[in-house]
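Notes follow once the structure below has been shown.
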2 protein chains.
Amino acid sequence: MNKKRGQQSIIFASPPVITSTANIVGPMEGDGLLAEFYDRILSDTLDNNSSWEQCESAMMEWVIKTAVTKEASAIDDVDYVLAGDLLNQLMSTHFALRGVGRPFLGLYGACSTMVEGMLIGSTLIDGGFANKIVAAASSHHDAAERQYRFPTEQGVQRPMVSQWTVTGSGAAVISVMGNGPRITAATVGKIVDMGLKDPNAMGPAMAPAAADTLWHHFEDSGRQPAYYDMIYTGDLGSVGKALVIELFKTKGVDLSTNYEDCGCMIFKEDQDAHAGASGCASSAIVFTGYIYRQLMQRKLHRVLLIGTGSLHSTTSYQQKESIPCIAHAVALEM
Amino acid sequence: MNKKRGQQSIIFASPPVITSTANIVGPMEGDGLLAEFYDRILSDTLDNNSSWEQCESAMMEWVIKTAVTKEASAIDDVDYVLAGDLLNQLMSTHFALRGVGRPFLGLYGACSTMVEGMLIGSTLIDGGFANKIVAAASSHHDAAERQYRFPTEQGVQRPMVSQWTVTGSGAAVISVMGNGPRITAATVGKIVDMGLKDPNAMGPAMAPAAADTLWHHFEDSGRQPAYYDMIYTGDLGSVGKALVIELFKTKGVDLSTNYEDCGCMIFKEDQDAHAGASGCASSAIVFTGYIYRQLMQRKLHRVLLIGTGSLHSTTSYQQKESIPCIAHAVALEM
């Protein structure tokens with residue numbers, strides 16, 4: 001049975017169910033707009049670990065185990081874990097998974113990783129290869145900042161277009177059956193690179209990739225934007241979000257009424273996050289917290305979640321390369 | 001239909017076919033033992049690119065396009081590309097994929113990436129989500145050396161246990177039908193970390209992960225080592241290979257007659273590679289070259305290929321962490 005639709009989309013035959021989620025955030029995220037939707041809020045960004053990287057790793061291990069415990073499963077019921085983070089060689093993920101002890105597939109999609117894991121995990125379930133998988137992703141502001149930009153303690157002034165990497169992690173348990181929203185469709189993104197080179201302005205770099213995947217999702221699935229109660233991108237921030245709306249306007253499509261970006265939902269105006277939140281954890285914590293609860297409470301019925309990733313490295317920036325970007329989408333229906 | 005077997009293995013219902021492969025290597029690999037099995041040998045490690053990273057990227061783009069052309073397909077026939085490399089944020093892969101223009105899923109499994117891509121790609125095909133995928137991986141000695149260890153020009157003396165990162169890239173086209181060896185089974189690895197901390201000795205660090213995956217493959221599938229004409233690990237080198245044989249001996253299993261490591265097959269004794277070859281390209285070029293041809297010519301009928309990955313980073317090493325390792329396996333039958 002061919003489940004491929006159009007150029008880059010999938011319609012699941014037996015849509016997998018998101019049976020549980022868990023998340024954890026740092027103190028700044030805990031002071032933000034979605035505080036009531038987090039399972040745990042750290043009081044500082046180390047949480048008794050000896051490095052920020054170890055703290056990030058501990059967060060991921062905690063959300064994976066907590067998401068599984070929440071639905072009264074045992075960790076050994078999990079067939080595969082699919083996860084990734086922003087650190088070089090997925091440092092947080094690998095040490096987290098050492099503590100989880102389950103078969104593991106490492107992914108790198110920058111901030112699109114959470115959705116990439118949900119997407120591949122859903123194919124493993126619908127394809128008959130697994131009964132239960134966990135998709136997880138994490139980021140840590142301080143660890144990401146010193147890896148990608150400047151020594152964190154230096155406190156370099158950030159331009160207003162920049163976004164604030166989220167400290168947090170989210171995990172979703174996806175099962176062959178159970179209660180919860182179903183993943184009914186997915187769209188795999190292509191690399192889109194419009195030539196932008198400023199690693200402080202990732203929202204504008206990623207917006208065309210998000211728009212491309214969204215466009216192909218509608219074209220491949222035959223669904224219209226109005227099919228979804230809400231469409232969420234992962235971490236475009238206010239500048240990138242405005243660009244996506246603008247790009248669709250040029251195609252005669254109005255996205256302004258049912259589209260939001262997770263990066264615009266996390267921090268309050270006075271928290272100085274500038275253009276919004278970013279990082280693997282941006283879409284991971286908003287989805288596993290706010291969006292998942294809205295679906296479970298049937299306040300939302302159909303959601304399209306688009307993970308957005310800026311795929312540059314410090315080396316590619318130093319070699320004056322532009323920023324390749326990607327976006328993957330999953331359709332969630334209750 | 002449940003295609004999961006045991007704790008971490010898969011038996012494919014309609015085994016996907018490897019319909020084409022391509023590879024490219026640097027000059028040192030071209031002077032090595034398997035020269036006749038490479039599609040293209042570069043005369044220097046830059047090949048007219050302005051950096052080693054760009055050269056690695058160009059190699060991957062070339063093997064993906066060449067593997068597709070070889071089987072007389074068009075690049076648009078490829079549903080998804082699954083690929084990764086060793087560089088921070090998969091730099092080579094992302095710029096290669098920018099030139100390929102197909103839907104893309106980024107993977108990080110260090111030197112296990114080629115097999116991870118073949119494994120996930122096979123589930124996409126057998127699950128009905130794709131008709132044709134490409135799995136690819138690359139590494140570049142000079143780019144990896146300066147990222148993981150010392151400035152390449154410095155020429156630091158290497159300990160005898162160290163391995164030489166392969167400069168090269170390999171790609172495999174996997175299709176729902178066609179001629180070629182079939183991927184009949186697969187085993188997904190768990191993180192195995194025995195506490196070793198020396199990033200110059202990756203073979204010994206990875207050997208227990210390879211043995212663990214091998215052991216579970218036999219247990220899950222009910223197959224014995226003798227089922228396979230040959231069992232190949234990815235890049236354990238001479239030290240790691242001896243350890244795998246030793247680990248199986250303690251379980252009363254003799255692997256010495258039909259087991260080899262790709263890392264021991266690439267360089268000649270006098271090429272100063274010390275304990276052998278390593279890098280994503282080690283298993284990628286040996287599989288896409290030598291092994292694939294042996295299967296096509298029916299000199300080998302059943303092969304188990306185990307990608308082995310050392311998942312440390314420079315940061316994890318500096319934070320005095322041990323090396324988490326992983327190994328994934330695919331069974332190839334002609």
Side-chain angles (χ1 to χ4, degrees), chain A residues 1-4 7-8 10 13 50-51 53-54 76 79-80 84 86-91 93-95 97-98 100-110 113 116 119-120 123-124 126-131 143 147 187-191 193 309 311-316 319 321 324 326 328, chain B residues 1-4 7-8 10 13 50-51 53-54 76 79-80 84 86-91 94-95 97-98 100-110 113 116 119-120 123-124 126-131 143 147 187-193 309 311-316 319 321 324 326 328:
Chain A
M1 181 180 175
N2 197 332
K3 302 161 189 167
K4 177 121 192 271
Q7 272 298 299
Q8 48 197 87
I10 284 164
S50 56
S51 73
E53 291 78 9
Q54 283 179 13
D76 284 351
D79 294 316
Y80 306 110
L86 287 173
L87 299 182
N88 298 341
Q89 287 74 51
L90 311 188
M91 176 171 166
T93 302
H94 294 138
F95 289 99
L97 265 292
R98 185 173 67 179
V100 169
R102 297 303 300 157
F104 161 67
L105 295 163
L107 310 177
Y108 186 78
T113 302
E116 185 185 355
L119 189 162
I120 298 178
T123 65
L124 290 173
D126 188 43
F129 305 101
N131 290 317
Q147 174 182 285
T187 301
V188 180
K190 299 190 302 273
I191 302 271
D193 183 338
L311 305 172
H312 65 295
S313 73
T314 52
T315 309
S316 69
Q319 294 185 0
E321 261 291 3
I326 201 158
H328 302 300
Chain B
M1 179 180 178
N2 196 334
K3 302 161 190 167
K4 177 119 191 272
Q7 273 298 300
Q8 47 197 87
I10 285 164
S50 54
S51 73
E53 291 78 10
Q54 284 179 12
D76 284 350
D79 294 316
Y80 306 110
L86 287 173
L87 299 182
N88 297 342
Q89 287 75 51
L90 310 188
M91 177 173 165
H94 293 139
F95 289 99
L97 265 292
R98 186 174 64 181
V100 169
R102 297 304 300 155
F104 161 66
L105 295 163
L107 310 178
Y108 186 78
T113 301
E116 185 185 354
L119 190 162
I120 299 178
T123 66
L124 289 174
D126 188 44
F129 304 102
N131 290 318
Q147 174 182 288
T187 301
V188 180
K190 299 191 300 278
I191 302 272
V192 175
D193 183 340
L311 305 172
H312 66 294
S313 73
T314 52
T315 308
S316 70
Q319 294 184 0
E321 262 291 4
I326 201 159
H328 303 300

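Chain A is the first sequence line, chain B the second, and so forth, proteins listed ahead of strands; every chain is numbered from 1.
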Check: Which of the residues B/Leu107, B/Leu86, B/Thr123 is involved in the greatest number of heavy-atom pairs with chain A at under 4.5 angstrom?
Finding: B/Thr123

Note to self: Using a 4.5 angstrom heavy-atom cutoff, name the option from B/Gly101, B/Gly109, B/Gly189, B/Ala110 with the most pairs to chain A.
What the structure shows: B/Gly189

Next item on the list: Measure across B/Gly127 and A/Lys3 and return the closest heavy-atom pair with its distance rounded to 0.1 Å.
Entry: O-NZ, 2.7 Å

Note to self: Please find the pair of heavy atoms, one from A/Met91 and one from B/Ser313, that lie closest to each other, and give the distance.
What the structure shows: SD-OG, 3.7 Å

Given a strict heavy-atom distance threshold of 4.5 Å, which part of [X] is in contact with chain A: side chain, backbone, both, or neither?
X	answer
B/Gln7	both
B/Ile120	side chain
B/Tyr80	side chain

Note to self: Can you tell me which of A/Gly309, A/Ser316, A/Pro103 forms the most heavy-atom pairs within a distance under 4.5 Å of chain B?
What the structure shows: A/Pro103

Hey, what do you get for [atom1] ([X]) to [atom2] ([Y]), rounding to the nearest 0.5 Å?
X	Y	atom1	atom2	result
B/Glu321	A/Arg98	CD	CZ	4.5 Å
B/Gln8	A/Asp79	CD	CG	10.5 Å
B/His328	A/Leu105	NE2	CG	5.5 Å
A/Leu311	B/Phe104	CG	CZ	7.0 Å
B/Lys190	A/Leu97	NZ	CG	12.0 Å
B/Phe129	A/Asp126	CZ	CG	4.0 Å

Checklist line | Part of A/Leu124 lying under 4.5 Å from any heavy atom of chain B | finding: side chain

Check: Should B/Lys4 and A/Asn131 count as side-chain neighbours, where that means a heavy-atom distance under 4.5 Å?
Finding: no

Check: Is it true that a side-chain atom of B/Glu116 and a backbone atom of A/Gly106 form a donor plus acceptor pair closer than 3.5 Å?
Finding: yes

Note to self: Looking only at side-chain N and O atoms, does A/Glu53 offer a donor or acceptor that is under 3.5 Å from a partner on B/Thr315?
What the structure shows: no

